[in-house]
Chemist: 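After the C-alpha coordinates below, expect a handful of questions from me.
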Amino acid sequence: TFGSQGEAALRALYPDRPIVQASNFVGAALDAAVRAGFSAALLGGHAGKLCKVAAGAMRTHNRDVDARREAILAQLALMGAPVDLCRAVYACQTTDAAAEIIARAGFLAVWDRVAARAAEYCRLRARGALEVGCLVFDAGGNALGRGGDVF
(Lines give C-alpha, C1' and ligand atoms only; values in the text may rest on other atoms or scores of the structure.)
Protein backbone atom coordinates (compact mmCIF):
# COMPACT_ATOMS: atom_id res chain seq x y z
CA THR A 1 0.00 0.00 0.00
CA PHE A 2 0.91 3.64 -0.25
CA GLY A 3 0.10 5.76 2.78
CA SER A 4 -2.41 5.43 5.57
CA GLN A 5 -5.51 5.84 3.35
CA GLY A 6 -4.66 2.82 1.26
CA GLU A 7 -3.62 0.73 4.23
CA ALA A 8 -6.76 1.45 6.25
CA ALA A 9 -9.00 0.86 3.25
CA LEU A 10 -7.31 -2.43 2.36
CA ARG A 11 -7.44 -3.62 5.98
CA ALA A 12 -11.18 -2.95 5.99
CA LEU A 13 -11.70 -4.84 2.72
CA TYR A 14 -9.28 -7.70 3.43
CA PRO A 15 -8.90 -8.05 7.22
CA ASP A 16 -7.29 -11.52 7.03
CA ARG A 17 -4.62 -10.75 4.42
CA PRO A 18 -1.11 -9.53 5.16
CA ILE A 19 -0.47 -5.91 4.15
CA VAL A 20 2.92 -4.40 3.40
CA GLN A 21 3.70 -0.70 3.05
CA ALA A 22 5.60 -0.11 -0.19
CA SER A 23 5.83 3.65 0.31
CA ASN A 24 7.42 5.20 -2.78
CA PHE A 25 9.25 2.02 -3.81
CA VAL A 26 6.71 0.07 -5.85
CA GLY A 27 9.27 -1.62 -8.09
CA ALA A 28 11.39 -2.77 -5.16
CA ALA A 29 8.30 -4.13 -3.39
CA LEU A 30 7.25 -6.06 -6.49
CA ASP A 31 10.77 -7.42 -6.92
CA ALA A 32 10.77 -8.57 -3.29
CA ALA A 33 7.37 -10.24 -3.71
CA VAL A 34 8.67 -12.19 -6.71
CA ARG A 35 11.84 -13.22 -4.84
CA ALA A 36 9.71 -14.34 -1.88
CA GLY A 37 7.66 -16.59 -4.16
CA PHE A 38 4.37 -14.70 -4.13
CA SER A 39 2.06 -15.41 -7.04
CA ALA A 40 -0.19 -12.37 -6.61
CA ALA A 41 -0.14 -8.84 -5.26
CA LEU A 42 -2.85 -6.26 -4.69
CA LEU A 43 -1.65 -2.67 -4.60
CA GLY A 44 -3.85 -0.08 -3.00
CA GLY A 45 -3.28 3.57 -2.44
CA HIS A 46 -4.17 7.15 -3.05
CA ALA A 47 -4.96 8.14 -6.62
CA GLY A 48 -1.92 10.43 -6.69
CA LYS A 49 0.49 7.55 -6.16
CA LEU A 50 -1.25 5.06 -8.40
CA CYS A 51 -1.49 7.61 -11.23
CA LYS A 52 2.30 7.70 -11.19
CA VAL A 53 2.42 3.92 -11.41
CA ALA A 54 -0.12 4.08 -14.26
CA ALA A 55 2.42 6.28 -16.06
CA GLY A 56 5.09 3.60 -15.59
CA ALA A 57 6.89 5.02 -12.56
CA MET A 58 8.14 2.44 -10.07
CA ARG A 59 9.56 5.06 -7.68
CA THR A 60 6.77 7.47 -6.87
CA HIS A 61 8.39 10.12 -4.68
CA ASN A 62 7.73 13.65 -5.91
CA ARG A 63 11.50 14.18 -6.33
CA ASP A 64 11.57 11.32 -8.82
CA VAL A 65 8.43 11.71 -10.93
CA ASP A 66 5.16 13.55 -11.34
CA ALA A 67 3.00 12.25 -14.15
CA ARG A 68 -0.31 12.24 -12.30
CA ARG A 69 -2.18 14.58 -14.61
CA GLU A 70 -0.74 12.99 -17.72
CA ALA A 71 -1.84 9.51 -16.63
CA ILE A 72 -5.37 10.73 -15.91
CA LEU A 73 -5.52 12.73 -19.13
CA ALA A 74 -4.40 9.79 -21.25
CA GLN A 75 -7.25 7.68 -19.91
CA LEU A 76 -9.81 10.49 -20.18
CA ALA A 77 -8.78 11.07 -23.80
CA LEU A 78 -9.14 7.35 -24.57
CA MET A 79 -12.65 7.55 -23.09
CA GLY A 80 -13.51 10.44 -25.41
CA ALA A 81 -13.76 13.03 -22.65
CA PRO A 82 -14.48 16.60 -23.74
CA VAL A 83 -11.47 18.86 -24.23
CA ASP A 84 -12.84 21.28 -21.62
CA LEU A 85 -12.78 18.51 -19.01
CA CYS A 86 -9.22 17.57 -19.96
CA ARG A 87 -8.14 21.22 -19.65
CA ALA A 88 -9.82 21.54 -16.25
CA VAL A 89 -8.08 18.39 -14.98
CA TYR A 90 -4.75 19.56 -16.36
CA ALA A 91 -5.10 22.82 -14.42
CA CYS A 92 -5.51 20.96 -11.10
CA GLN A 93 -2.63 21.02 -8.65
CA THR A 94 -3.77 17.87 -6.81
CA THR A 95 -5.31 14.56 -7.75
CA ASP A 96 -8.08 15.15 -5.22
CA ALA A 97 -9.07 18.36 -7.00
CA ALA A 98 -9.04 16.49 -10.32
CA ALA A 99 -11.19 13.73 -8.80
CA GLU A 100 -13.87 16.26 -7.85
CA ILE A 101 -14.00 17.68 -11.38
CA ILE A 102 -14.03 14.19 -12.90
CA ALA A 103 -16.90 13.12 -10.62
CA ARG A 104 -18.98 16.19 -11.50
CA ALA A 105 -18.42 15.47 -15.19
CA GLY A 106 -19.55 11.84 -14.83
CA PHE A 107 -16.26 10.23 -15.85
CA LEU A 108 -15.67 8.13 -12.72
CA ALA A 109 -14.78 5.12 -14.88
CA VAL A 110 -11.42 6.79 -15.52
CA TRP A 111 -10.23 5.46 -12.14
CA ASP A 112 -10.82 1.84 -13.21
CA ARG A 113 -8.75 2.58 -16.30
CA VAL A 114 -5.97 4.17 -14.22
CA ALA A 115 -6.00 1.16 -11.88
CA ALA A 116 -5.88 -1.28 -14.81
CA ARG A 117 -2.96 0.58 -16.39
CA ALA A 118 -1.08 0.63 -13.06
CA ALA A 119 -1.66 -3.13 -12.68
CA GLU A 120 -0.37 -3.67 -16.21
CA TYR A 121 2.87 -1.81 -15.50
CA CYS A 122 3.31 -3.79 -12.28
CA ARG A 123 2.86 -7.09 -14.14
CA LEU A 124 5.47 -5.94 -16.65
CA ARG A 125 7.87 -5.08 -13.82
CA ALA A 126 7.34 -8.55 -12.33
CA ARG A 127 7.91 -10.08 -15.78
CA GLY A 128 4.67 -12.01 -15.52
CA ALA A 129 5.64 -13.71 -12.25
CA LEU A 130 2.79 -11.99 -10.36
CA GLU A 131 -0.89 -11.51 -10.95
CA VAL A 132 -1.50 -7.90 -9.97
CA GLY A 133 -4.53 -5.88 -9.01
CA CYS A 134 -4.74 -2.23 -8.07
CA LEU A 135 -7.25 -0.32 -5.97
CA VAL A 136 -7.33 3.47 -6.23
CA PHE A 137 -8.57 5.41 -3.20
CA ASP A 138 -9.35 9.04 -2.54
CA ALA A 139 -7.98 10.95 0.46
CA GLY A 140 -10.82 9.65 2.63
CA GLY A 141 -10.04 6.01 1.86
CA ASN A 142 -13.04 5.60 -0.45
CA ALA A 143 -12.49 3.31 -3.43
CA LEU A 144 -12.46 5.17 -6.73
CA GLY A 145 -11.39 2.41 -9.09
CA ARG A 146 -10.02 -1.09 -9.44
CA GLY A 147 -8.21 -2.94 -12.14
CA GLY A 148 -6.08 -6.00 -12.77
CA ASP A 149 -6.26 -9.71 -12.17
CA VAL A 150 -6.48 -10.01 -8.38
CA PHE A 151 -9.94 -9.72 -6.85
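Quick caveat, the model's predicted, so the values are computed rather than measured.
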Chemist: Taking the side chain as C-beta and beyond, is there a heavy-atom pair between D66 and R68 under 4.5 Å?
Modeler: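 Yes, their side chains come closer than 4.5 Å.
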Chemist: Mind checking whether V136 and R146 have side chains closer than 4.5 Å, heavy atoms only?
Modeler: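 Answer no - side chains too far apart.
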Chemist: Keeping N24 on the side-chain end and R59 on the backbone end, is there a donor-acceptor pair under 3.5 Å?
Modeler: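 Not at all, since once roles are kept as given, no pair shorter than 3.5 Å links the two residues.
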Chemist: Closest approach of A57 and V65, non-hydrogen atoms and distance?
Modeler: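 For A57 versus V65, the nearest heavy atoms are CB-CG1, 3.6 Å.
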Chemist: Please tell me whether L78 and L108 are part of a single hydrophobic cluster in this structure, the criterion being side-chain heavy atoms less than 4.5 Å apart.
Modeler: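 No, no single cluster joins them.
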Chemist: Find out whether M58 and L30 are in side-chain contact, i.e. whether some heavy atom of one side chain is under 4.5 Å from a heavy atom of the other.
Modeler: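 Result yes, sub-4.5 Å side-chain heavy-atom pair found.
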Chemist: Can you measure from CG (L85) to CD1 (I102) and round to the nearest 0.5 angstrom?
Modeler: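 Output value for this atom pair is 6.5 Å.
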Chemist: Taking all non-hydrogen atoms of both residues, which atom of Y121 and which atom of A55 are closest, and how far apart?
Modeler: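 So the two residues come closest at CE1-C, 4.0 Å.
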Chemist: Hey, is the main chain of Y90 close enough, under 3.5 Å, to the side chain of R69 for a donor-acceptor pair?
Modeler: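 Yes, the answer is positive, given that a donor and an acceptor are paired below the 3.5 Å cut-off.
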Chemist: Work out which heavy atom in A139 is nearest to a heavy atom in D96; give both atom names and the distance.
Modeler: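 Scanning both residues completely, I find the closest heavy atoms to be CB-OD2, 3.5 Å.
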Chemist: Quick check for you: to the nearest 0.5 Å, what is the distance between L135 atom CG and H46 atom NE2?
Modeler: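 Here the rounded value is 14.0 Å.
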Chemist: For the residue pair I101 and C92, what are the closest heavy atoms and their distance?
Modeler: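 Taking every non-hydrogen atom into account, CD1-SG, 3.4 Å.
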Chemist: Testing the basics here: between S23 and T60, what is the closest heavy-atom pair and its distance to 0.1 Å?
Modeler: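 For S23 and T60, the tightest heavy-atom pair comes out as O-OG1, 4.1 Å.
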Chemist: Considering only heavy atoms from C-beta outward, does the side chain of V89 approach that of C86 to under 4.5 Å?
Modeler: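 Result no, sub-4.5 Å side-chain heavy-atom pair not found.
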Chemist: In the structure I gave you, are the side-chain heavy atoms of W111 and I72 within less than 4.5 Å of one another anywhere?
Modeler: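 A side-chain contact exists here, since the closest heavy-atom pair is under 4.5 Å.
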Chemist: Salt bridge or not between D64 and K52? Use side-chain N to carboxylate O under 4.0 Å.
Modeler: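 No, no charged N to carboxylate O under 4.0 Å.
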Chemist: Please determine if R117 and E120 form a salt bridge, counting it only when a charged side-chain N lies under 4.0 Å from a carboxylate O.
Modeler: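 Yes, charged N to carboxylate O under 4.0 Å.
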Chemist: Do F38 and V26 land in one hydrophobic cluster if side-chain heavy atoms of ILVMFWY residues count as linked below 4.5 Å?
Modeler: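 In one cluster: yes.
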Chemist: Any side-chain heavy atom of L144 within less than 4.5 Å of one from F137?
Modeler: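 No - every pair of side-chain heavy atoms lies 4.5 Å or more apart.
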Chemist: If you define the side chain from C-beta out and look only at heavy atoms, does anything of L42 sit under 4.5 Å from Y14?
Modeler: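 In short, these two side chains touch, coming nearer than 4.5 Å.
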Chemist: Would a 4.5 Å heavy-atom cut-off, applied to side chains only, mark L43 and K49 as touching?
Modeler: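 No. Closest side-chain heavy atoms not under 4.5 Å.
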Chemist: May I ask whether V34 and V132 are part of the same hydrophobic cluster, defined by side-chain heavy atoms of I, L, V, M, F, W, Y residues being less than 4.5 angstrom apart, directly or through others?
Modeler: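 The answer is yes; both residues are in one hydrophobic cluster.
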